[in-house]
Amino acid sequence: MSNPQIEIQLIAAVVAIACAIPGVFLVLRKMALISDAISHSILPGIVLGFFITQDLNSPLLIILAAITGIITVVLVEWIQKTGLVKEDTAIGLVFPALFSIGVILIAKNANDVHLDVDAVLLGELAFAPFDRLMMSGIDLGPKSLWVMGVILVITMMLLLLFFKELKVSTFDVGLSSALGFSPAILHYGLMSISSVTVVGAFEAVGAILVVALMIAPAATSYLLTSDLKKMLMLSVLFGVFSAISGYWLAHWLDASIAGSISTMLGLVFLMVYLFAPNKGLIAVMYRHKQQRIEVSLLTFLLHLNNHNEEEERHINHLQEHINWQKIRAKTVVDLAEKNNLISINNQVVSLTEKGNNFTSIALEYIITNKDEKIEHLKDDFFLFRG
Amino acid sequence: MRNKIAIQVDDLTVAYNYKPVLWDIDLVVPEAVLMAIVGPNGAGKSTLIKAILGIIDPIAGSVSIYGKPYDKQRQLVAYVPQKGSVDWDFPTTALDVVMMGTYGSLGWIKRPGKKEKKASLEALEKVGMLAFKNRQISQLSGGQQQRVFLARALVQNASIYFMDEPFQGVDATTEIAIINILKELRKAGKTVVVVHHDLQTVPEYFDWVTFLNVKKIATGPVKEIFNDDNLTKTYGINYKVAVNK
């Protein structure tokens with residue numbers, strides 16, 4: 001690998017981590033769309049900052065753009081508070097307005113400079129290593145790596161300091177407020193850091209990929225864990241994995257790096273969506289199938305429970321009476337036998353003691369819906385997991 | 001008044017978009033009572049609690065908790081919001097939710113440690129949920145979720161408890177378990193304020209009641225004021241409830 005190659009991957013990885021962290025909280029707060037809005041509406045801020053400084057990496061530009069991001073959030077909330085439109089409509093009203101102001105500003109005044117709408121929307125990671133940070137003649141590395149590195153360090157520090165506050169205000173706004181952790185301060189703090197991250201990242205990866213890097217890793221890890229800390233770590237992992245593998249995908253296809261990273265993010269999500277152990281599509285389908293079989297099992301056991309007379313419990317008779325297809329009947333009988341719930345003598349089926357217990361506990365649960373007694377059954381049977 | 005005053009509300013008015021939801025509420029709650037706030041839908045019951053706790057800003061009026069503003073007395077107050085107000089798919093466990101109750105005494109930045117964990121486990125035990133401490137909260141039944149919320153309030157070790165509809169969507173066993181814990185709190189000298197819907201159980205569960213319908217209709221001991229007259233004034237129809245049955 002050449003030096004620029006390593007630098008590009010490093011920038012992509014740092015951007016991915018810096019985006020994944022606020023992204024987790026945005027997803028949990030059901031504010032994914034806000035990141036989309038911010039990423040577009042910072043354009044006028046960037047353009048104004050650029051007119052003043054003539055430098056795309058100036059801190060003033062980041063501050064101005066971040067302020068535009070906050071203005072977006074405030075405007076959305078303000079429109080929403082009138083009660084005339086819902087949040088999604090408010091978002092849809094605000095960000096195109098701000099974005100179009102930016103587009104017009106560029107068209108009128110910046111036609112001949114290195115700032116165009118394409119660059120803002122799509123970015124170009126491949127060019128990032130050419131823009132160096134020089135200090136008294138010494139090359140310190142790509143500028144965007146420094147910008148994103150500083151943003152990442154700030155994000156990490158804020159996360160470590162205010163993890164508990166962010167958690168409680170995300171989960172329960174009312175409690176957070178009653179305990180004295182102002183939800184407004186935390187909300188605007190999160191919005192500020194999201195805006196700053198988007199601004200810092202847009203030049204390298206573009207406004208669209210920023211949204212993907214914020215939302216996709218969080219959405220993916222949400223399917224895999226029920227622990228906020230693990231969700232943060234997994235998001236970082238998925239983000240970095242997609243960034244690096246996306247870079248090599250682009251290298252191999254000779255395509256846009258940003259586009260390839262987005263594609264990888266999408267693929268990773270798709271894989272997890274299909275194969276996640278509990279919430280994945282396949283796991284859910286398997287669970288539904290198992291639940292159907294278990295309902296049949298219970299029906300079968302209840303039938304045995306209701307009939308003492310042997311002819312009612314003869315295997316052939318069962319098939320006629322319960323009226324199931326052969327395969328289904330066999331699945332159910334096998335499952336009952338495997339769990340020692342029934343015994344079969346001379347083709348006559350009877351409940352074992354365990355089967356008797358099981359049936360009465362299950363029956364009680366169905367009638368009363370109290371689940372104290374069935375707790376131990378939850379591990380073996382999907383039926384009781386609600 | 002037989003006891004110290006726990007909560008005093010003066011001329012409290014709250015409005016959403018200029019429409020008053022609570023109008024000029026004066027309310028005095030003595031220490032060590034178990035009080036129900038009753039009233040029809042939209043009467044402002046939840047809003048009253050939220051305004052007392054500073055979650056909603058009133059447009060007029062003041063609140064004091066043991067003689068001082070709520071800001072200065074946060075440590076004395078625990079709050080259980082409506083169960084439906086949070087997202088139960090949030091990636092966290094029962095124990096972790098209870099631990100959130102300790103955040104208030106920790107203040108900003110400081111993290112919960114062993115002491116807070118121990119207190120949280122004890123609170124879970126008190127509500128009969130210790131076995132579920134590591135269960136993801138979406139995997140709990142409605143009643144179990146409400147118990148976790150109650151444990152979170154208990155761990156705050158407060159003097160005053162505000163609970164917004166703790167019996168909504170819970171089974172009968174949980175309802176009895178919760179009310180028994182609330183009665184214990186009252187015995188220990190704590191003040192408990194509950195937004196309540198089931199008028200039938202008011203005389204059995206509570207010793208103090210406030211009738212609310214945008215304005216305060218009446219407040220006082222259940223034995224003295226829980227009658228047809230006040231029910232009719234609050235609900236606007238002749239509400240026949242067998243009181244003192």
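Chain letters run A, B, ... following the sequence lines, proteins first and then strands; every chain starts at 1.
- Per-residue heavy-atom pair counts under 4.5 Å with chain A were compared for L53(B), T93(B), D96(B), and the maximum is reached by D96(B).
- Looking at I56(B), neither its backbone nor its side chain comes within 4.5 Å of chain A, counting heavy atoms on both sides.
- Not a single salt bridge (charged side-chain N to carboxylate O under 4.0 Å, His left out) links D164(B) to another residue, sequence neighbours left out.
- Here the shortest heavy-atom pairing between S177(A) and G54(B) reads OG-O, 4.0 Å.
- Among all heavy-atom pairs drawn from L228(A) and F90(B), the shortest one is CD2-CZ, 4.0 Å.
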**OP:** Evaluate the side-chain contact (heavy atoms from CB on, under 4.5 Å) criterion for residues I137(B) and F171(A): first the C-alpha distance (whole Å), next the side-chain angles of each, then the deciding distance (0.1 Å), finally the verdict.
**Re:** CA-CA 11 Å; I137(B) 52 172; F171(A) 174 61; 3.6 Å; yes
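- Residues of residues 159-170 of chain A lying within less than 4.5 angstrom of chain B, judged on heavy atoms, are L160(A), L161(A), F162(A), K164(A), E165(A), K167(A), V168(A), T170(A) in numerical order.
- Interface remark: D71(B) contributes no atoms to any contact with chain A (heavy atom separation under 4.5 Å).
- Here the side chains of L175(A) and Q156(B) are in contact, with some heavy-atom distance below 4.5 Å.
- Of all heavy-atom pairs between L179(A) and R74(B), the closest is O-CD, 3.6 Å.
- Side-chain contact between D172(A) and F149(B): present, with at least one pair of heavy atoms (C-beta onward) separated by less than 4.5 Å.
- Under the side-chain contact (heavy atoms from CB on, under 4.5 Å) rule, P91(B) has a single partner from D227(A), L28(A), T225(A), which is L28(A).
- Here N278(A) contributes atom CG and Q139(B) contributes atom CD; the two are 7.5 Å apart, rounded to the nearest 0.5 Å.
- Closest approach of Y79(B) to A178(A), counting heavy atoms only: CD2-CB, 3.9 Å.
- Heavy-atom distances place no part of L224(A) under 4.5 Å from chain B, backbone and side chain included.
- Under the 4.5 Å side-chain criterion, counting only non-hydrogen atoms from C-beta, I55(B) is not in contact with P183(A).
- Using a 4.5 Å cut-off between heavy atoms, Y70(B) contacts chain A through its side chain alone, with no backbone atom that close.
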